[in-house]
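Small disclaimer: the values here were computed from a predicted structure and weren't measured. The first residue in the sequence is number 1, and the count goes up from there.
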Amino acid sequence: MSDQVLVINSGSSSIKYQFVDPVSGTAVASGLVERIGEAEGRVQHHYDGNTLEHCGPIVDHTDGFGLAYAMFAKSGLGADESPIKAVGHRVVHGGRLFHAPTLINDAVLAEIERLSELAPLHNPPNAIGIAVTRKQFPNVPHVAVFDTGFFHSLPGAAATYAISHDIAEAWGVRRYGFHGTSHEYVSREAAHFLDRDFGELKTIVLHLGNGASASAVRKGHAVETSMGLTPLEGLVMGTRGGDIDPGILTHLNRAAGMDFEQLDRMLNKMSGLKGMCGVNDFRELFSLIESDDAGAKLAYEVYVHRIRKYVGAYLAVLGGADAIVFTAGVGENVAAVREDALSDLDSLGIQVDPLRNQSPQRGPRVISSDDSRVAVLVIPTNEELAIARAAWQFV
Ligand code: ADP
């Protein structure tokens, strides 16, 4: 069996994992533990064209990992530690300390736990995933790959909030950015696809999934991104609204009596597309639009308008772009968003070709016309592969 890297993405209510052959880039097996902490949880493990499934309550992350490991053993993976040669862990927040992929020891894990202060929804489950998996696979390197890492290079002007310097310093308040693994992977792939040197390209990446973020990349380094201290800032997302006037929060606290917990829930779970029209999946959004739902139409317009604003801003930040790249669930699958977000921008050298854009082709592709000065691309993201390769470097 070929060498493999186990990639772990332990999120707030789910665990995703993949066994990746880091040389060929193929996923050998994968799985998903869903609805942790709920009465009806589910584990699905896919390998060799087979699927193992378990339904029932999953008490917590440790329980979820236990169920997944039992399936690894049943499918002949990880019975002993071979062929797993390294484990790569997605860690959302690296704070000011971590940016490069980092070999995990007790001190690194303690610091990741400490950074929960900055990412209370994300770092705690990341840390549990690391602790449990280190016990399961004690003799291979475990490597943390940080979502914030690629944005370590943000210049001061982009990373600094215009608030009190002393408060910002004391509490680590700055723009960190997220989805960095995807932005880096996709911008590198774009350069490769265009047969250009990553170090000479100016690229705008639009990572549009359930969470969504934009980045501006110049000469191989991120110089702007839409997410900030937390993954709440920036573009409109499935359940998060992106940019809002912070005064809304004080207003709702004073006028509506909403407390901190209610505001936090509103910002994370009840805003964005879901907040505006009740659904957060584009397939459901389009069926509402087809049935003439005014709220859904407006939600779509707000979503697309925000992307246009960011593209305009990042063209100015970069002084023009060579490429604009769409990626993630919406970016890869929803042609209408790509077309509407970049319509009527001929004067800026951006022309999406309608036929190319509608093509059902998968994989990296050009969707701009031959006359477009800026290449518009769709590049599927593959964060698992990027994490696997980062971990593999330590073997
Ligand atoms: P995340 O990794 O942030 O959870 P994804 O990148 O998988 O999210 O994107 C999920 C979203 O992508 C879905 O909520 C849906 O809106 C959209 N999406 C995915 N596939 C399709 C599709 N075939 N058609 C339309 N929308 C899709």
Side-chain angles (χ1 to χ4, degrees), residues 11-14 35-39 92-93 115-125 147 159-179 207-214 225-289 291-310 313 330 337:
S12 52
S13 64
S14 71
R35 300 194 285 272
I36 296 170
E38 292 179 30
V92 166
H93 219 304
L115 287 166
S116 296
E117 185 178 274
L118 286 170
L121 298 179
H122 297 100
N123 274 38
D147 250 42
T160 307
Y161 285 110
I163 63 168
S164 148
H165 171 80
D166 294 347
I167 292 177
E169 273 298 304
W171 298 100
V173 177
R174 53 159 277 167
R175 305 189 61 252
Y176 292 95
F178 299 89
H179 293 143
H207 174 112
L208 310 176
N210 227 334
S213 59
T225 192
S226 58
M227 284 178 167
L229 173 76
T230 74
L232 283 172
E233 192 179 345
L235 301 178
V236 177
M237 309 176 216
T239 63
R240 290 170 254 162
D243 298 335
I244 61 165
D245 177 350
I248 292 172
L249 303 179
T250 44
H251 171 68
L252 290 177
N253 176 257
R254 273 196 222 103
M258 289 174 72
D259 64 16
F260 173 80
E261 291 301 330
Q262 289 170 310
L263 291 172
D264 203 36
R265 194 172 141 65
M266 179 193 82
L267 291 172
N268 280 294
K269 306 262 185 225
M270 294 161 58
S271 298
L273 295 173
K274 179 115 183 158
M276 288 185 284
C277 70
V279 301
N280 60 301
D281 188 298
F282 263 81
R283 289 157 283 204
E284 294 175 64
L285 180 73
F286 283 137
S287 53
L288 283 181
I289 290 174
S291 66
D292 249 354
D293 184 297
K297 278 187 192 161
L298 180 61
Y300 179 77
E301 285 163 16
V302 175
Y303 184 94
V304 167
H305 178 72
R306 186 76 53 82
I307 299 172
R308 287 176 78 85
K309 280 211 311 194
Y310 269 89
V330 179
V337 165

Minimum heavy-atom separation for [X] and [Y], please, with both atom names.
{"X": "Ala214", "Y": "Ser226", "answer": "N-OG, 2.8 Å"}
{"X": "Val236", "Y": "Gly272", "answer": "CG1-CA, 4.0 Å"}
{"X": "Asn280", "Y": "Leu273", "answer": "O-CD1, 4.0 Å"}
{"X": "Leu285", "Y": "Cys277", "answer": "CD1-SG, 3.5 Å"}
{"X": "Leu263", "Y": "Leu249", "answer": "CD1-O, 3.9 Å"}
{"X": "Val330", "Y": "Tyr303", "answer": "CG1-OH, 3.7 Å"}

For [Y], is there any backbone N or O sitting under 3.5 Å from a side-chain donor or acceptor partner on [X]?
{"X": "Tyr161", "Y": "Leu229", "value": "yes"}
{"X": "Asp243", "Y": "Gly234", "value": "yes"}
{"X": "Thr239", "Y": "Lys274", "value": "no"}
{"X": "Ser13", "Y": "Ile36", "value": "no"}
{"X": "Asn253", "Y": "Met258", "value": "yes"}
{"X": "Ser271", "Y": "Met266", "value": "yes"}

Roughly how far apart are [X] [atom1] and [Y] [atom2], rounded to 0.5 Å?
{"X": "Leu115", "Y": "Tyr176", "atom1": "CG", "atom2": "OH", "answer": "8.0 Å"}
{"X": "Ile244", "Y": "Glu233", "atom1": "CD1", "atom2": "CD", "answer": "10.5 Å"}
{"X": "Ser12", "Y": "His122", "atom1": "OG", "atom2": "NE2", "answer": "6.0 Å"}
{"X": "Asn123", "Y": "Asp147", "atom1": "CG", "atom2": "CG", "answer": "9.5 Å"}
{"X": "Met227", "Y": "Met237", "atom1": "CE", "atom2": "CE", "answer": "4.0 Å"}
{"X": "Arg174", "Y": "Glu169", "atom1": "CZ", "atom2": "CD", "answer": "10.0 Å"}

* Asked: Are any of the side-chain heavy atoms of Leu267 and Thr230 separated by less than 4.5 Å?
  -> no
* Please check if atom CD in Gln262 has more than 12 non-hydrogen atoms from other residues, nucleotides or ligands closer than 6.0 Å. => yes
* Asked: Which residue pairs satisfy the ring-ring contact (aromatic ring centres under 6.0 Å, His included) criterion with at least one member in residues 235-262, sequence neighbours excluded?
  -> none
* Asked: With sequence neighbours excluded, what pairs up with Lys309 under the salt bridge (Lys or Arg N to Asp or Glu O under 4.0 Å) test?
  -> none
* Has Arg306 got its NZ or CZ under 6.0 Å from the middle of the six-membered ring of Tyr310, at an angle within 45 degrees of the ring axis? -> no
* Using the ring of each side chain (for Trp, its six-membered ring), is Phe282 parallel, tilted or perpendicular to Tyr300, with breaks at 30° and 60°? ->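 If you compare the ring of Phe282 with that of Tyr300, the planes turn out perpendicular.
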* To do: Report the C-alpha distance between Lys297 and Leu288 in whole Å, list the side-chain angles of each, state the deciding distance to 0.1 Å, and finish with yes or no for side chain to side chain contact (heavy atoms under 4.5 Å, CB included).
  => CA-CA 8 Å; Lys297 278 187 192 161; Leu288 283 181; over 6 Å; no
* To do: Tell me, please, which residues at least two apart from Asn268 pass side chain to side chain contact (heavy atoms under 4.5 Å, CB included).
  =>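 Per chain and number, Asn268 pairs via side chain to side chain contact (heavy atoms under 4.5 Å, CB included) with Leu121, Leu232, Arg240, Asp264.
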